[in-house]
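Heads up: the structure comes next, in structure tokens.
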Number of protein chains: 2
Amino acid sequence: MKEKQLPKYMQLKQEILSWLHAGKLKANDQMPSENEIAEQFQMSRQTVRQTFGELEQEGWLYRMQGKGTYVSTPHTQKSRDVQTIGILTTYISDYIFPHIVRGAESALRARGYRLLLSSTDNDKEKEKESLQMMMSQPLSGLIIEPTRSAEGNPNLSFYLSLDYQHIPYLMINERYPEMNCPSLIVDDEEGGFKAAQHLIELGHRRIAGFFKTDDLQGVNRLKGFLRAHQQYQIPLLPELVIHYTTDEKGQKPYESAIDLITQQAERPTAFVCYNDELAIHLLEAVRTTGLQVPQDISLVGFDDSSLALATEVKLTTLTHPKTQLGTDAAELLIDMIENKRRNGSEAGKVYTPELIIRESTIRVMPSQIG
Amino acid sequence: MKEKQLPKYMQLKQEILSWLHAGKLKANDQMPSENEIAEQFQMSRQTVRQTFGELEQEGWLYRMQGKGTYVSTPHTQKSRDVQTIGILTTYISDYIFPHIVRGAESALRARGYRLLLSSTDNDKEKEKESLQMMMSQPLSGLIIEPTRSAEGNPNLSFYLSLDYQHIPYLMINERYPEMNCPSLIVDDEEGGFKAAQHLIELGHRRIAGFFKTDDLQGVNRLKGFLRAHQQYQIPLLPELVIHYTTDEKGQKPYESAIDLITQQAERPTAFVCYNDELAIHLLEAVRTTGLQVPQDISLVGFDDSSLALATEVKLTTLTHPKTQLGTDAAELLIDMIENKRRNGSEAGKVYTPELIIRESTIRVMPSQIG
DNA sequence: TCACTCAACTTGTATGTACATATGGCGAGC
DNA sequence: GCTCGCCATATGTACATACAAGTTGAGTGA
């Protein structure tokens, strides 16, 4: 019999809570007096007082000297059940993030959770501020999109204190390798591979790749891009791989694309773009040189965002779960909270991007072949 | 001597709190044991326990069985200062809303407020749920984007209870006429007027208007559209004004546009679209009929969203403050909270949309003139 | 009929005792 | 030098008693 008997006052508390849940006692009903309960349960009035004290603290009962003890209104009771979950993303308004937030928000609302939202603008210092503010009041769980994950994790101590406080959390899109928690990620390497493979199978041999490499997403897409070239034994000229950072995204890739088209002896026949946003941007760049997509240059985007359908030439791109990712994250987190599952990386999920072939890619023209 | 002597346990509580405030006891210092205090203050251990119990409840102390009682970290104490503000929008992921949310979020974060986010999907029932959840825990203020504002306000009681609880709130984008609070709105009627005026001055005489009329935004844009026709004394055929609701937005305007082009004896030469999203959609519709924008049909969008620049033919559109609106809303609300300004409609702000002329509108061709 | 008193009941405060249980240090014994 | 067990001390639980203070209603008296 290792199992410990609950203290009497706790047993009484459970009993009374069960009365409330069973509807035996309704709002503003008067409770039996302390002495009545004491006699009925064969315990002293002091013990009953201890129980009533806790129940009052927790908002289930209220007491009036000289009159008696009463059941609180359901409003006051139920409100304690509303829990809050935080989401910390890099950006809010850009691109696919609103869809992730929306998926999570609707799942959370349906399950009765409130959503705290904060963004980091991909800035470690803001990530720290946001974590501090979020944790300053009771939090039931946290969904995190890591900030600049290719550069390590200076806010590790905050994440450790999440463990210490037993607050469940999970990561989306990317992960900090040193942390052991469930993560919902997209297999970006596979996506990069599929993009390059698609173009190679269409006969392209000079494919330029534009990748944002200050987050793991871009690094992994690049990795898959390279692996496809190796696997198909296509030599890849170093100047056909363009790296850029978040700060440079407005200029560098655009100018590099124009350079590649106009300067290179043999211009590339296809671009693999870090995402749809960049693809649209490079579509412009191609047009300014007088060339056409897809006749002269094939384009592959990433993420299947709304932008991919807004253009006249609909973009070939790779899917991103977006809303589904947000919904899955919220539901997994709620499951962790309600079933007290421990953290652990085994839980997560990996999404494989699927290629969507539209109008921006085309079999390489005979005239283009070197 | 009316003044009642405080109970002993309360006196002790005051005493211990004064120790904490005076810095006599620092974080994680060990308190004297219950028995020591009891002897020192000439009271029983039970009384000391009562005091300690309350101080523990309030977060000042924590107790460890067998070890002793300790002072909590200042973190736990000071954290009570972080306040929470809610934002209730119709949509989260769509269109310009992410920008509004982003503007508000960054302003709030900078000022040390947390952001609770919820959406209504333009559904009154969900609006009610969201309000309930938000108000279930302390809230310092609320930013509301009204749901289906053209159809009245069934959740009025919730808004009245905001007043009752002295929670400041303000409205963005639209307003419930019966409520007296600051509102930040865009002068949509002026926008509708400018859109029509622009086309009229380019010589267009048969201008079709597509408006979503289940919210006030669309109704007002339509109003301005009509006013321009009156002012320039252009007769407007009833069949050139297309109404639709949120549910119909995928089909009705698209089909109506094709009908207008193909069925009408004299097809319209320009479309005024409820927003950029619809404009892109109708751009497609025009293309399927073999006509071109802007040569055959001029298009005006609304809101200057990122979509307006994604297309090959850059959209002529009207500005929307978006991020600025979110930032302004957050800062006004913080001002109301911190300076205890009362609600009142005098505070708000009205933004006037500006016309941005791009490539989708053109002077009417001689061949087009009936 | 009205106002007052008072008894009986409620919860609030205060103290005393007893034992249970968790912690940490000390010393005996290996 | 290490381990084990004991002990002192801390908080946790439980019960008993006493009186204070607020509420209610029945009973009393003018």
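Chain letters run A, B, ... following the sequence lines, proteins first, then strands; residues in each count from 1.
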To the nearest Å, give me how far apart CE (B/Met64) and P (C/dT21) are.
-> 19 Å
How close or far is atom P of C/dG12 from atom CD of B/Glu54, stated in whole angstroms?
-> 11 Å
Any luck finding a side-chain donor-acceptor pair between A/Thr69 and A/Gln30 under 3.5 Å?
-> no
Between atom CZ in B/Arg63 and atom C1' in D/dA10, what is the gap in whole Å?
-> 11 Å
Inspect the contact between B/Arg111 and B/Glu338 and indicate whether a charged nitrogen and a carboxylate oxygen are less than 4.0 angstrom apart.
-> yes
So does A/Thr69 get a side-chain nitrogen or oxygen closer than 4.0 Å to the phosphate oxygens (OP1/OP2) of C/dT10?
-> no
Starting at CG of B/Asn35 and ending at C1' of D/dG12, how long is that distance when rounded to a whole Å?
-> 13 Å
Gap between atoms OH and P, on A/Tyr70 and D/dG22 respectively (whole Å) | 16 Å
Which residue, A/Thr120, A/Thr89, A/Thr90, forms the side-chain hydrogen bond (donor to acceptor under 3.5 Å, both in side chains) with A/Glu145?
-> A/Thr90
Establish, with yes or no, whether the OP1 or OP2 oxygen of C/dA14 is under 4.0 angstrom from a side-chain nitrogen or oxygen of B/Thr47.
-> no
Is the distance from OP1 or OP2 of C/dG12 to the nearest side-chain N or O of A/Arg49 less than 4.0 Å?
-> yes
Write down the distance between CD (B/Gln42) and P (C/dA14), rounded to a whole number of angstrom.
-> 15 Å
Which part of the nucleic acid, if any, lies within reach of A/Glu36 when heavy atoms closer than 4.0 Å are counted: base, sugar-phosphate only, or nothing?
-> sugar-phosphate
In whole angstroms, how far is the P atom of C/dG12 from the NZ atom of B/Lys13?
-> 14 Å
Separation of C/dG12 P from A/Tyr62 OH (nearest whole Å) | 13 Å
Between the side-chain atoms of B/Gln46 and the base atoms of C/dT17, is any donor-acceptor pair under 3.5 Å?
-> yes
Proximal nucleotide (of D/dA14, C/dG12, D/dG12) relative to the A/Arg45 side chain | C/dG12
Among A/Glu39, A/Gln50, A/Glu34, whose side-chain hydrogen bond (donor to acceptor under 3.5 Å, both in side chains) with A/Arg45 holds?
-> A/Glu34
OP1, OP2 of D/dT24 versus side-chain N and O of A/Lys67: anything below 4.0 Å?
-> yes
For A/Met43 and for B/Glu34, find the nucleotide of DNA chain D with the closest heavy atom, then tell me which residue's nucleotide is more 5'.
-> B/Glu34
Would you call the rings of A/Tyr91 and A/Phe97 parallel, tilted or perpendicular if under 30° counts as parallel and over 60° as perpendicular?
-> tilted
How do A/Gln65 and A/Gln50 order along DNA chain D: which one's closest nucleotide is nearer the 5' end?
-> A/Gln50
